[in-house]
Amino acid sequence: MDEVTRRTILTATAAGGVLAAAGAAGAQTNEAVPQPQRPGHGGTDPGPRNVTRDRQNPDLLVPPSTDQGTLPNLRFSFADAHMRLTSGGWTRQVTVRELGISKDIAGVEMRLNAGSIRELHWHKEAEWAYMLYGSARITAIDPQGRNFVDDVGVGDLWYFPGGVPHSIQGLNPDGCEFLLVFDDGDFDEDDTFLLSDWFKHTPNEVLAKNFGVPGSAFGRVLDPSELYIFASTVPGPLSSDKIAGATPVAQSFSHRMLAQEPIKTKSGTVRITDTSVFPASKTIAAALVEVLPGGMREMHWHPNTNEWQYYIEGQARMGVFAASGQARTFNFQAGQLVVRCQ
């Protein structure tokens with residue numbers, strides 16, 4: 001069960017779904033130093049200790065009496081992930097290396113400044129995205145050479161099947177930030193196929209013959225270390241990037257999740273985006289969930305897939321029950337992940 005002050009969650013499952021939560025967290029009012037004790041159990045912790053962390057995780061410091069046994073860690077914060085800084089923004093990732101239980105899904109947070117570009121690239125894993133801030137222009141080309149270009153904003157999704165080359169560019173006024181989800185926990189954002197890297201390792205005479213232009217035209221190609229995410233100018237209107245005569249992809253790679261009519265309950269709302277409403281998204285389904293203060297997501301389980309969550313806003317408490325009477329309680333805040341096994 002998920003008990004919260006107020007939150008919105010994004011939940012994902014490989015070959016299944018993604019869940020998102022939003023809300024305004026209540027301020028910390030009790031400044032007393034928390035201790036790992038309850039009546040008749042535990043004792044004080046004289047230190048050394050990290051009191052700030054203890055306050056963020058009250059149900060780890062003083063677990064409910066119903067907790068029992070040992071479960072894998074189901075939580076990781078992007079704040080603890082390594083940040084890669086570039087000329088055009090930043091990126092950080094959480095994979096099975098950081099969150100060992102997350103074998104089906106990896107996550108990346110990425111920030112592009114206005115005009116900055118995530119270089120044209122591709123990878124074998126499918127890529128699902130949720131726009132957290134600002135706006136971006138996304139482009140792609142499928143194996144049949146069909147073209148896709150669209151502008152996306154907060155609450156919009158995109159999905160690029162594995163192997164489909166694509167790029168992302170931040171737009172005015174302040175670029176964008178988005179969450180990327182990949183359907184393989186072993187994904188590594190430093191192990192993608194980059195167009196500049198391909199060019200660098202192909203002789204100029206081969207490039208010249210392939211593209212029908214002089215080899216000197218490729219003497220100005222930047223080194224891949226200068227690209228990946230790089231600064232550029234803000235593009236013109238969407239129409240200026242439309243390619244005349246190009247055949248569009250059969251199914252749109254973007255979706256307006258917030259335009260969906262939510263399912264409303266007394267404790268919050270949910271929007272479910274699966275292949276019935278976003279046909280291109282074959283391996284990941286998602287739910288955008290808002291739980292009101294004091295509300296609860298009903299006790300439930302998934303018989304055929306795992307669940308991955310990203311907390312967009314607010315604070316939440318989640319209990320997990322496993323086999324042999326094992327149970328654990330976790331606390332979550334914005335920017336943290338959780339993986340729950342089936």
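Values in this document were obtained by computation on a predicted structure and should not be read as measured data.
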> How many angstroms lie between OG in Ser232 and CG in Asn113, if you round to the nearest 0.5 Å?
Replying inline: 12.0 Å
> Atom CD in Glu189, atom CD in Glu125: separation rounded to 0.5 Å?
Replying inline: 12.0 Å
N-O pairing of [X] and [Y] below 4.0 Å:
| X | Y | answer |
| --- | --- | --- |
| Arg111 | Asp174 | yes |
| Arg97 | Asp190 | no |
| Asp150 | Arg256 | yes |
| Lys124 | Asp184 | no |

Can you confirm whether the side chains of [X] and [Y] place a donor and an acceptor under 3.5 Å from each other?
| X | Y | answer |
| --- | --- | --- |
| Asn57 | Asn331 | no |
| Trp158 | Glu127 | yes |
| Tyr159 | Thr283 | yes |

For [X] and [Y], take the angle between the two ring planes, folded into 0 to 90°, and tell me which bin it lands in: parallel under 30, tilted 30 to 60, perpendicular over 60.
| X | Y | value |
| --- | --- | --- |
| Trp128 | Tyr130 | parallel |
| His121 | His123 | tilted |
| Phe187 | Phe182 | parallel |

>> Measuring centre to centre across the rings, with the benzene-like ring taken for any Trp, is Phe211 within less than 6.0 Å of Phe218?
In response: yes
> Do Phe253 and His166 have their ring centres less than 6.0 Å from each other?
Replying inline: no
>> Cation-pi check for Tyr228 against Arg118: NZ or CZ below 6.0 Å from the six-membered ring centre and within 45 degrees of the axis, yes or no?
In response: yes
> Which residues satisfy the side chain to side chain donor-acceptor pair (under 3.5 Å) test with Ser77, sequence neighbours excluded?
Replying inline: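 Residues passing side chain to side chain donor-acceptor pair (under 3.5 Å) with Ser77: none at all.
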What donor-acceptor contacts under 3.5 angstrom involve side-chain atoms of residues 270-277, with partners at least two apart or in another chain?
unit_1 : atom_1 : unit_2 : atom_2 : d
Arg271 : NE     : Gln260 : O      : 3.0
Thr273 : OG1    : Gln260 : OE1    : 2.5
Asp274 : OD1    : Ser276 : N      : 3.0
Asp274 : OD1    : Ser276 : OG     : 2.4

>> Against Ile229, only a single residue in Leu112, Ile117, Ile168 fulfils side-chain contact (heavy atoms from CB on, under 4.5 Å); can you say which?
In response: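 In the set Leu112, Ile117, Ile168, the residue that makes a side-chain contact (heavy atoms from CB on, under 4.5 Å) with Ile229 is Leu112.
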> Is it the case that one hydrophobic cluster holds both Tyr311 and Val320, taking links as side-chain heavy atoms less than 4.5 Å apart, direct or via other members?
Replying inline: yes
Less than 4.5 Å apart, side chain to side chain, heavy atoms only: is that true for [X] and [Y]?
| X | Y | answer |
| --- | --- | --- |
| Lys282 | Pro161 | no |
| Pro235 | Gln169 | yes |
| Asp186 | Thr95 | no |

>> Does atom CZ (Phe193) have a neighbourhood of more than 12 heavy atoms from anything else shown, all under 6.0 Å?
In response: no
